[in-house]
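Side-chain atoms are counted along with the backbone in the values below, which use heavy atoms only and exclude waters and symmetry mates.
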Amino acid sequence: MSYLFLKICALILATSFLNIAFAGGAQNWSNASDVLAIGLPLIATGKALNSGDTNDIKDLAFSLGTSIVVTQGLKSSIHENRPNGEGNDSFPSGHSAIAFTAARFYEKRYASEESPYLYAAAGLTALARVKADKHYNKDVLAG
């Protein structure tokens with residue numbers, strides 16, 4: 001996968017995020033966090049598939065799977081109420097966990113100049129979860 005392709009993906013994600021989030025309201029922040037939490041693993045998956053190394057794909061699947069299992073296990077054990085009152089599965093943030101897992105995988109595996117942008121997008125995912133009133137700061141930090 002070329003550096004140009006990744007820049008285009010990052011630009012699309014950033015533009016989508018900004019358009020959704022700054023239109024206002026918690027639902028828009030929630031939508032932005034969904035876009036980012038799906039987009040970052042897709043970028044990592046594209047890079048892993050493009051590498052041609054099946055170990056990359058296996059390692060990414062293992063990393064994301066582990067992140068999901070641990071996050072869901074903690075959510076079902078801790079029962080932290082969400083700030084908006086929509087449930088008791090606030091801690092930790094699954095969106096943040098997935099976003100940072102994808103960014104970390106990409107950086108560790110490919111150590112490229114795109115990594116800071118992916119971490120920035122993961123950070124925006126965490127910020128969006130708080131702005132959407134879905135999580136507290138501690139939830140996204142744990143994620």
Value rounded to 0.5 Å, distance of CD1 in I38 from OG in S33: 9.0 Å

Heavy-atom closest contact (P92 atom, A142 atom, distance): CB-CB, 3.8 Å

Identify which one of N137, L36, V140, L124 satisfies the side chain to side chain contact (heavy atoms under 4.5 Å, CB included) criterion when paired with R129. V140

Are E80 and K138 within salt-bridge range, i.e. N to O under 4.0 Å? yes

For L64 and T101, the nearest pair of non-hydrogen atoms, with its separation, is CD2-CG2, 3.8 Å

Kindly compute the distance separating OG1 (T71) from CG (D139), expressed to the nearest 0.5 Å. 11.5 Å

Kindly say whether S63 contributes a backbone atom to a donor-acceptor pair with the side chain of T66 at under 3.5 angstrom? no

Could you pull out the closest heavy-atom pair between L60 and A48, with the gap in Å? CD2-CB, 4.4 Å

Group every Ile, Leu, Val, Met, Phe, Trp and Tyr by side-chain heavy-atom contacts under 4.5 Å, then state whether F100 and I43 land in the same group. no

Just to verify, what does R109 make a side-chain hydrogen bond (donor to acceptor under 3.5 Å, both in side chains) with, not counting sequence neighbours? D56, D59

Answer whether the closest heavy-atom distance between the side chains of V70 and L74 falls below 4.5 Å. yes

Rounded to the nearest 0.5 Å, what's the gap from CG on D53 to NZ on K58? Could you check? 9.0 Å

Where the side chain of R82 meets the backbone of S90, is there a donor-acceptor pair that is under 3.5 Å apart? no

Do I78 and Y136 belong together in a cluster built from hydrophobic side chains that touch within less than 4.5 Å? no

To the nearest 0.5 Å, what is the distance between OG (S96) and NZ (K134)? 13.0 Å

Can you find a pair of side-chain heavy atoms, one from Y119 and one from R104, that are under 4.5 Å apart? yes

Over all atoms of both residues, closest heavy-atom pair of K75 and G94: CE-N, 3.9 Å

What distance separates Y110 OH from K47 NZ, expressed to the nearest 0.5 Å? 7.0 Å

For L49, the side-chain contact (heavy atoms from CB on, under 4.5 Å) test, sequence neighbours excluded, returns T45, I57

Which heavy-atom pair separates A99 from L40 by the least distance, and what is that distance? CB-CD1, 3.6 Å

